[in-house]
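Below is one structure, written out as structure tokens; comments come after it.
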Amino acid sequence: MKKPKITVIGSMNIDMVTETDIMPNQGETIFGSVFSSFTGGKGANQAVACARLGAQVTMIGCVGEDHFAKQLLAALDKEGVVTSYVKTVPYQSTGIATITVCDNDNRIIVIPGANHCLLPEDILSLKEMIANSDMVLLQQEIPFATVQAAIKLANELDIPVILNPAPAVKLPRELLDQVYIMTPNEYELAILLGLGDKQDQTFEQLIEQYPQRIVMTNGSKGAFYKNLDGEIKHEPGKKVEAVDTTGAGDTFNGALAVKLSEGSALDEAVKFAVAASALSVTKLGAQSGMPLRADVERFMETKV
Ligand code: RIB
């Protein structure tokens with residue numbers, strides 16, 4: 001099968017990961033257990049996921065002028081991701097994410113650094129290259145104006161966009177109308193709908209209110225989605241030994257993008273993405289556990 005061409009526009013971070021058995025309270029100092037650093041950033045993670053699952057991937061993003069940038073570019077190069085459109089921003093530091101892993105979950109603070117230097121004009125200047133893509137994959141760790149410009153351009157070029165609205169903000173309706181599929185998690189969906197912490201509705205009810213095509217990830221419970229006929233469906237999660245859930249959503253998005261750009265139906269693509277993201281949580285670090293295509297296919301055959 002011909003490899004689909006996916007352009008990922010987004011963030012590139014170095015993840016500083018602290019593992020701890022308990023979360024400190026406000027004003028409290030505790031000892032954690034392990035510190036590690038990894039290449040990350042939702043954009044770079046999704047690029048790695050797509051490449052491992054069989055796509056030809058081009059990354060558009062920004063790094064700073066530091067040794068972290070070299071690490072990030074080397075990690076993408078190793079996966080065969082095209083990095084020639086990644087801009088190095090003078091006098092800027094590369095994006096950093098401080099991540100606390102505790103109790104099978106994570107908390108993340110991102111310092112955007114160079115990621116915030118990816119501008120709408122950078123995207124417009126790459127129109128010819130983007131026109132060659134089968135799919136554009138976006139998240140929200142770059143300036144909002146850049147996300148908007150990328151969606152508008154992809155629409156003009158008739159290229160479907162998957163938008164992973166993370167970190168979430170309430171988005172204008174005209175933007176939602178231009179996105180092929182939105183992929184929030186349960187918290188992000190409530191923000192997209194302007195509901196804040198209001199959790200008195202089922203996911204099916206929340207998704208029902210969303211006007212367009214949507215796939216909501218729900219951690220170990222899998223994904224809920226609205227298909228082409230407006231039907232709400234649930235694809236249950238796969239049971240695995242979770243070590244670190246960081247990057248599970250990115251693996252999900254990458255897998256969904258690869259399958260859909262190969263022409264698979266949404267049901268099949270969601271099933272594949274749920275399996276890929278389950279496998280990704282079995283190792284520490286966002287990119288370390290991202291599976292190869294053959295791993296996912298084998299896992300789907302053997303795991304109910
Ligand atoms: O989705 C996980 C990613 O979010 C991490 O790699 C971190 O860099 C933040 O961008």
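Just follow the structure's listing: the first ligand is 1, and inside any ligand the first atom is 1.
- One finds no salt bridge joining Lys42 and Glu188 here, because no Lys/Arg side-chain nitrogen approaches an Asp/Glu carboxylate oxygen to under 4.0 Å.
- Here is the list of ligand 1 atoms found below 4.0 Å of a heavy atom in Ala97: 7 (C), 8 (O).
- Using a 4.0 Å heavy-atom cutoff, Gly41 is listed among the residues neighbouring ligand 1.
- Atom 3 (C) of ligand 1 has as its closest protein heavy atom Asn45 ND2, 3.6 Å.
- One N or O on the side chain of Gln140 and one on the backbone of Pro167 form a donor-acceptor pair closer than 3.5 Å.
- The side chain to side chain donor-acceptor pair (under 3.5 Å) test with Asn13 is passed by exactly one of Thr98, Asn45, Asn115, Thr39: Asn115.
- The protein heavy atom nearest to atom 5 (C) of ligand 1 is Asp15 OD2, 3.3 Å.
- Counting protein heavy atoms only, atom 2 (C) of ligand 1 is closest to Asp250 OD2, 3.3 Å.
- At the top of the distance list for atom 4 (O) of ligand 1, counting protein heavy atoms only, stands Lys42 NZ, 3.0 Å.
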### Query
Given the rule in the side chain to side chain contact (heavy atoms under 4.5 Å, CB included) test, do Met290 and Asp250 qualify, once you have shown the distances and angles that lead to the verdict?
CA-CA 9 Å; Met290 286 178 173; Asp250 299 327; 4.1 Å; yes
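- Looking at Gln209 and Gln201, their side chains do bring a donor and an acceptor atom within 3.5 Å of each other.
- Close approach of ligand 1 to Glu141 (heavy-atom distance below 4.0 Å) involves ligand atoms 4 (O), 9 (C), 10 (O).
- For Ile30, the CD1 atom sits in a packed shell: over 12 heavy atoms of surrounding residues, nucleotides or ligands are nearer than 6.0 Å.
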